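These notes are about the structure you will find just below.
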There are 2 protein chains.
Amino acid sequence: MIYNIRNGIMFEPFTLKDIAKALGLSTSTVSRALRDTHEISPETKKLVLDYAQQINYRPNPIALSLKERRSKSIGVSLSEVANQYFAQVVNGIESIAYDRGYHVIITQTHEFYEREKVNIQHLASRSVDGLLVSLSAETTDTSYLQNLHQRGLPMVFFDRVTDQINTHQIIANNVKGAFEATEYLIKQGCKRIAHLTSSAHLSISSERLNGYKQALAKYNLPFNEAYIKYCAHGGMFQEETDISVRELMNLKEKPDGLFVASDRLSIGALAVFKELKIKVPQKMVIAGFCNSDVLDLMCPTLTSVRQPAFEMGQIATDMLLNLIESKYPVHDFEKKILDTSLSVRNS
Amino acid sequence: MIYNIRNGIMFEPFTLKDIAKALGLSTSTVSRALRDTHEISPETKKLVLDYAQQINYRPNPIALSLKERRSKSIGVSLSEVANQYFAQVVNGIESIAYDRGYHVIITQTHEFYEREKVNIQHLASRSVDGLLVSLSAETTDTSYLQNLHQRGLPMVFFDRVTDQINTHQIIANNVKGAFEATEYLIKQGCKRIAHLTSSAHLSISSERLNGYKQALAKYNLPFNEAYIKYCAHGGMFQEETDISVRELMNLKEKPDGLFVASDRLSIGALAVFKELKIKVPQKMVIAGFCNSDVLDLMCPTLTSVRQPAFEMGQIATDMLLNLIESKYPVHDFEKKILDTSLSVRNS
DNA sequence: TTGAAAGCGCTAACAG
DNA sequence: CTGTTAGCGCTTTCAA
């Protein structure tokens, strides 16, 4: 192995020029040799390839990106990878992206609009060929995304989507999932079912609220606005969850069942109930959207709506790469809805 | 807002040249105006800034990287973000990196050596300015890293470190943490304490094994090789954990206590005990390294050694950025050891 | 078959 | 104060 010591301190990978100089060739010849064109003599080619191998030459992808005006990488914006659901989505994304020669850059919003905007602007400013986006809980203004989209940056929304931008969307069947979870609570005998959910302007929130309402309606239970608690940052701050749950439990007509809209909120709510010494599920039956494996092991076990997170990541990525690699402008967009499954783990 | 329609399909951000042409200036003037040098007239500057603002101009970071031969981004290699410990580390990393103007690219090894190598090679050639590495469970050969290091790529190891590369390291006090967890089990009355751990060649594994042995020694308990179970992929595949736990429970002298070396293994082991209908903690007391918030809510609660994950990420990043930005070669490296805390949550 | 030269977007040295 | 030019690493005409 030969080391590049042009500069003692900085990390300086080998370049075409290094090879050319060492071999007394021109850079274009070296480039051709490495890229397997026909217009090159077998000897030169072998010479170059051997030497490149020896010094472990790697083409500089930055230079390539600049030249080809694409980076073979995609950007992802999501709330946080500590959330099991999103971690699974990421695995799905990577599984497809790597197969197709793309790299993945993940950014976290932690549910803040400003962070999301900064992250996405940076991703877009050239380093990525496309975007996979799940909106933050705070986001209401998507104009910066509309901008990028109008200017031709391919993007696909997953999970938390917006109709303000005409492109592919992939979501779970939130309405049905919420319906089933609520129905489960009703069948457990709950009469006063509360709903703890994320920010009101998220697509998932309204979809899940709908499913919840439909279930109540089907079983002739009244809808009570006081039973709906929104957490503006999706329970990012435990305080949000804490206040919401306590308010619910301070109502004159205390709820006896709770439908929770997410992973994080479920965990947060359980913590509060534990503090309040309210027994789950004896005093409070809980069901909700949750993809955490750990919760499988929980006692009090809680029934959960599972989303096909890995698959969602895969499909979203496939859609995005197809957009990116499409030769022609795409105008036909799809809204894909994947089935959820109710995993009953009651006490 | 003005749209760039040089090309109807592709996403073509504005360039300096676009601005220059529109304003009848040269690209260098525009560049200067945007970068706030003194050698520019206020009028020209205002003209350019206003126009740039109007079209929402962003400099192309790829071109910048190519020019400056650094990307203002750092690469991270870790096993998987679905692991709460690593998710917390990532948050720590990002908190520092963003403050100092760096972007973070996360790659997951899923405990595979090959994946790690490919990821890191790509990060390096893609001109990340430095690397934060926590080795995969499979990794024994670090020569490709030594290579990059010798050629001047700054790197800092965290959590799963190697002494084969002379650079900063940051780890938790694994010996002490393991000692305390084991001691806790002993004080609970356990006589036959098993140890479920990750791959044998990980630094964390040997450190934690040491602490475990020291505790046994202090309390005059015999060390029994049969009680040590390694999972080559850190429990990445539940089968590994499953087999290990079953083997332990098939021993003639069944263990009555278990010290588990990680998050994932704890969760996996609990699942097996549940399947085997072995009551925790009545029949099996468990303590182990774990940073999962969710486990706080678990019943059977298990006692855990907590690592200051967020802080580790912060410190590692600070160290790395100092290396990157250092004007002179650094030869003094530090091995930082952070304290763990035992969080007793017994039945 | 090979080399010279231009250009991707940007900055910086050098002229004017 | 502003424009021209060269160069970061690479590919791709165009000439030879």
Side-chain angles (χ1 to χ4, degrees), chain A residues 4 6-7 10-49 52 55-72 122 124-129 151, chain B residues 4 6-7 10-49 51-52 55-72 122 124-129:
Chain A
N4 191 349
R6 284 186 311 200
N7 177 324
M10 288 270 293
F11 175 64
E12 301 267 338
F14 291 101
T15 69
L16 278 190
K17 211 199 255 176
D18 293 324
I19 302 182
K21 207 186 307 170
L23 266 38
L25 295 167
S26 77
T27 57
S28 37
T29 306
V30 176
S31 170
R32 277 186 281 250
L34 289 169
R35 227 154 358 71
D36 217 21
T37 51
H38 310 287
E39 39 178 28
I40 189 96
S41 77
E43 305 87 60
T44 317
K45 187 162 163 181
K46 182 165 173 13
L47 188 70
V48 172
L49 285 178
I55 63 172
N56 193 27
Y57 168 81
R58 316 262 150 191
N60 179 336
I62 299 221
L64 281 173
S65 295
L66 185 60
K67 178 126 251 290
E68 302 182 9
R69 296 143 108 213
R70 66 197 173 102
S71 59
K72 279 278 197 173
H122 179 264
S125 61
R126 189 40 93 70
S127 38
V128 296
D129 299 337
R151 291 188 32 211
Chain B
N4 190 348
R6 286 186 310 202
N7 178 324
M10 289 267 293
F11 177 63
E12 303 265 340
F14 292 101
T15 70
L16 280 188
K17 212 197 253 175
D18 293 325
I19 302 182
K21 208 185 306 170
L23 265 38
L25 294 167
S26 77
T27 58
S28 41
T29 304
V30 175
S31 169
R32 277 187 281 253
L34 290 169
R35 224 153 1 71
D36 216 19
T37 53
H38 309 288
E39 36 178 27
I40 187 97
S41 78
E43 304 86 60
T44 318
K45 189 162 161 182
K46 182 164 172 13
L47 188 70
V48 171
L49 285 178
Y51 186 75
I55 63 172
N56 193 27
Y57 168 81
R58 313 266 151 189
N60 180 334
I62 299 216
L64 280 173
S65 296
L66 185 61
K67 176 125 251 289
E68 303 182 10
R69 297 143 107 212
R70 68 197 171 96
S71 56
K72 279 279 198 170
H122 180 264
S125 67
R126 158 120 204 154
S127 314
V128 292
D129 300 335

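Quick note on labels: first sequence line is chain A, next is B, and so on, each numbered from 1. Everything numeric in this text was worked out from a predicted model, so none of it was measured. Just so it is clear, the values below take in all heavy atoms, side chains as well, and ignore hydrogens, waters and symmetry mates.
Minimum heavy-atom separation, B/Leu23 to B/Tyr51: CD1-CG, 3.9 Å.
The CG-P distance, from A/Asn60 to C/dC8, rounds to 18 Å in whole Å. Rounded to an integer number of Å, the gap from CZ of B/Arg69 to P of C/dA12 is 14 Å. Atom-to-atom, CG of A/Leu23 to P of C/dT2 comes out at 12 Å; the value is rounded to the nearest Å. In this structure, A/Glu68 atom CD and D/dT12 atom P are separated by 7 Å, rounded to whole Å. The nearest whole Å value for the distance from the CG atom in A/Leu34 to the C1' atom in D/dG9 is 13 Å. Remark: P of D/dC10 and CZ of A/Phe14 are 12 Å apart, rounded to the nearest angstrom. Rounding to whole angstrom units, NZ of residue A/Lys72 and P of D/dT11 are separated by 14 Å. One interatomic measurement links the two molecules: OH of B/Tyr57 to P of C/dG9, which rounds to 10 Å at whole-angstrom precision.
For the pair A/Tyr57/A/Leu16, a side-chain contact is recorded, criterion being any heavy-atom separation below 4.5 Å from C-beta on. Residues B/Ser41 and B/Lys45 fail the side-chain proximity criterion, which asks for heavy atoms closer than 4.5 Å. In this structure, the side chains of A/Lys72 and A/Arg70 come closer than 4.5 Å at one or more pairs of heavy atoms. You'll find the side chain of A/Arg35 stays beyond 4.5 Å of the side chain of A/Pro59, heavy atoms only. In this structure, B/Asn60 and B/Leu64 have side chains that are not in contact, with every pair of non-hydrogen atoms separated by 4.5 Å or more. Taking 4.5 Å as the limit, some side-chain heavy atom of A/Asn56 sits within range of a side-chain heavy atom of A/Arg58.
Residue A/Leu64 has its side chain nearest to D/dT11 when only C/dC10, D/dT11, D/dG9 are considered. For B/Ile40, whose side chain is taken as the heavy atoms from C-beta onward, the closest listed nucleotide among D/dT12, C/dG3, D/dT2 is D/dT2.
Counting any heavy atom pair closer than 4.0 Å across all strands shown, B/Thr44 reaches sugar-phosphate atoms only and no base atom. Within the 4.0 angstrom heavy-atom criterion, only backbone atoms of the sugar-phosphate kind lie near A/Ser41; the bases stay farther away. Within 4.0 Å of B/Leu16, counting heavy atoms only, lies at least one base atom of the nucleic acid. Among the protein residues, B/Leu66 comes within range of the nucleic acid bases, having at least one heavy atom under 4.0 Å from a base atom.
Map B/Pro42 and B/Lys67 each onto its nearest nucleotide of DNA chain D; the residue landing nearer the 5' end is B/Pro42.
Between B/Thr29 and D/dT2 there is no side-chain polar atom (N or O) within less than 4.0 angstrom of OP1 or OP2. Contact annotation: A/Ser31 side-chain N/O to D/dC10 OP1/OP2 distance is not under 4.0 Å. Within the 4.0 Å cut-off from OP1 or OP2 of C/dT11, not a single side-chain nitrogen or oxygen of B/Ser28 is found. For the pair A/Lys17 and D/dC8, the criterion of a side-chain N or O lying under 4.0 Å from OP1 or OP2 is met. B/Arg70 has no side-chain polar atom (N or O) that falls below the 4.0 Å cut-off from OP1 or OP2 of D/dC8.
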Sub-3.5 Å pairs of nitrogen or oxygen atoms, protein against nucleotides 14-16 of chain C:
none

Under the criterion side chain to side chain contact (heavy atoms under 4.5 Å, CB included), I'd like the reasoning laid out for B/Val30 against B/Thr27: C-alpha separation, chi angles, the key distance, then a yes or no. CA-CA 5 Å; B/Val30 175; B/Thr27 58; 5.5 Å; no

